[in-house]
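Notes follow once the structure below has been shown.
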Amino acid sequence: MNTAIRQSRGLSLYAFAYLAFLYVPVLLLPLFSFNDSVFIAFPLRGFTTKWYAAMAADAEMHAALWNTLKVGAVASLFSTILGLLAAKALTQTAPLRGRSLILSFANLSLFIPEIVIGIALLILITTVGVPLSLTSVIIGHVLICLPFAILVLMSRFEGFDASLEEASRDLGESAWMTFWRVTFPLVLPGIVASLLLTFIVSFDDFMIAFFLCGTDTTLPVYIFGELRFPYKLPNVLALGATILVASAALIALAEWVRRLGAEGPARDRVIGA
Amino acid sequence: MLLSPTLAVLLFALAAPIALLLLYSLWTQNGLQLDTSPTLAQYAAVVTREGYRVLFLRSVAISSVVTVVTVGLAYPIAYFVAFRVKRAKFTWLLLFTIPFWTSYLLRVFAWKVILGFNGVINSGLMSLGLISRPLEFLLYNPTAVVVTLAHAYAAFAILPIYVSLEKIDRSLLEAAADLGDGPFRRFLRVTLPLSLPGIIGAAVLIFVPTTGDYVTPTLVGGSDGVMIANLIQVQFGRVNNWPLGAALAISSMAAVGIIAVSVIQAARLAVARIR
C-alpha cells in the first residue's frame, strides 16, 4: 500500500514538472516583453511598456494582422461548413459505404508534412496561372483546418438522437426547416467550437502562408521575417505575448462551448427552446 | 450527397496538388525553362548525392529521437490523468494542451531565446555566478531541435495515449491483480498492450510531421541541425529547381510512410509476443 501511495505522489510530482516544462518557455515571452532592454537575458532591467507602444505604432504589422484575421475568418467559416456537412454524412444511422476511407482522406492532411502541402498547392496555383494572394492561403488553410472541424463536429453528432429529426419530418417540416430548427440548435456548441479552433489553426499557420501568401504577408510570416533582426526581437515579444494571451483565451472558450450541454441530455434543450 | 462539397474541396486542394507534385518530380529544370519530358533523373539525384542522403538520414534520426522522447515523456502524464486524477479530468487535459494551441512559431522562438548564446539559460546561470562564460552547446545543434520539437508536439502524444488508456476496462486490471500479477507485471501485460493503439497513433502523429519540419531546424538547428525541409524549401526559393524539390518531397514522404508502417507492424508483433 505504501508503495502505491509513493508511486502516486511521484507521478503527481512528475506531472507538475511536466507542466513547468510546457509553460515556463511560453511564459518567458510575456515576462521579457515588459523588460526594459533590447537583450532577452537575465537579470531583468526594469519595467517598461515601450515594446507594446512600438507594436501599436507598427503599420506593417497591423496590415499583416488584418490579413491574418481575414484569412482566419474565411477559412474557419468554410472549413466549418464543409466539416458540418461531412460530419452529418459520416454519423448517419445507416452506415455509409466507405466511411472510414472517406474519413482517412479528410484526415490525410494531418499526416502530410505542412511543407509538402505548401509546395504542392504552390505548384497547383502557379500551374493554373493565378497570382498568389490571400485566397491561395485560404485554400490551404481550409484544407488543414478540415480535420479539426470534422473531429469536433463528429463528436457532437455522435451523441445526437436521430429520432428528433424524424419526429420533425413526421410533423411536416421540410428538410431545410428540420435542419434549421432541430439539427442546427443541437450542434450549435460544436459549430462555435469548430469555428474557434479552425480560426486558431489558421491564425497560427506559418508554413502554408509562407509559400502561398505572395506579397500579402500574414502575421506569422511577418514575425518570421522580423526574427532575423535582433533589435526587433522585443517588438516580437510584445506581439507574441499578446497573441499567446488571446489564443489561450480563445481555446479555453472553444472547449467551454464545446462542453456546454455535452453532459446533460440534448433532448431537454430542444423541448425547452 | 452531403459529402460532395467536402470531397470536391479535398480533390481540388489535396489530391490534385499532390498529383501535380508527383508529375513535377518527373520533369527537369533547364535554367528558367521547364523540360516536361518524363525522367527519373531527379530521383536518381536524390538517391546518389551524398549531401541529400546525409540530410535524409539526419531528418529521420532526429524525428525518431523526438518521437521516442515525446511519447516517453508524455505517457506518464496520460496515465496520470486517466488513472490518478479523479475529479476535473477535463481541466487537467486542457491544462496540458493549451500551450499546443498557442502559436507554434512563437514557441520555437521561445526556445531560441532560452537556449541562445546570450539567452535566458546562459544569462541566468551567469548572473547566479554558476558559469563564467556562456555555454555554446545549447543552441544550433540537433539536441536543440529535439528539445524544441518534444515541447511543441507534447499534446499530440498526450491526447491519443490518454484516449486509449481511458478506454481500458478497469475490471481487467482487477482481474490481473486477483490472479497474482504485481503492479509492474500488470502494467506490462495489461495496461501497456491495451494502450498500444494510442502509442502508435501518437508516434505517427509526431514522426510524420516532424520529419518535414522547417521552422524548428531553421530557427534553432544551426548548420548541424539542417533537415530535409530546409533543402526542399531552398529548391522552391533561391535555387529555383522545382522538379528536384518535388522529387525530394515525394521521396521523403514515401520514406517516412514506409518507416511508419514497418514500425507499427513491428510494435504489433512485439506485443503479440508479450501476451
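Quick note on labels: first sequence line is chain A, next is B, and so on, each numbered from 1.
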Side chain proximity check, [X] to [Y], heavy atoms < 4.5 angstrom:
X	Y	value
Leu10(B)	Leu146(A)	yes
Pro17(B)	Ile123(A)	no
Leu19(A)	Ile77(B)	no
Thr126(A)	Trp242(B)	yes
Asp213(B)	Pro113(A)	no

Quiz prompt | Derivation and outcome, side-chain contact (heavy atoms from CB on, under 4.5 Å), residues Phe224(A) and Thr218(B) | solution = CA-CA 10 Å; Phe224(A) 189 76; Thr218(B) 308; 3.9 Å; yes

Quiz prompt | Counterpart residues, side-chain hydrogen bond (donor to acceptor under 3.5 Å, both in side chains), relative to Glu165(A) (two or more places apart) | solution = Lys88(A), Thr183(A)

Practice problem: Would you confirm whether Tyr24(B), through its side chain, and Ala120(A), through its main-chain N or O, come within 3.5 Å as a donor-acceptor pair? | Solution: no

Practice problem: Please round to the nearest 0.5 Å and tell me the distance separating atom CD1 of Ile139(A) and atom CZ of Phe12(B). | Solution: 4.5 Å

Quiz item: How many angstroms lie between atom CG of Leu21(B) and atom CD1 of Ile117(A), to the nearest 0.5 angstrom?
Solution: 11.0 Å

With a 4.5 Å cut-off on heavy-atom pairs, point out which of [options] contacts chain B the most.
options	result
Ile112(A), Ile119(A), Leu29(A)	Ile119(A)
Val245(A), Val26(A), Asp204(A)	Asp204(A)
Phe203(A), Tyr23(A), Phe78(A)	Tyr23(A)

Quiz item: chain A heavy atoms under 4.5 Å from Leu95(B): which part of the residue, side chain, backbone, both or neither?
Solution: both

Practice problem: If the plane angle is over 60° it's perpendicular, under 30° parallel, otherwise tilted; pick one for Phe211(A) and Phe236(B). | Solution: perpendicular

Self-check item: Which atom of Ala13(B) lies closest to which atom of Leu121(A), heavy atoms considered
Solution: O-CD2, 3.6 Å

Self-check item: side-chain contact (heavy atoms from CB on, under 4.5 Å) evaluation trace for Phe210(A) with Tyr214(B)
Solution: CA-CA 11 Å; Phe210(A) 181 58; Tyr214(B) 173 79; 3.9 Å; yes

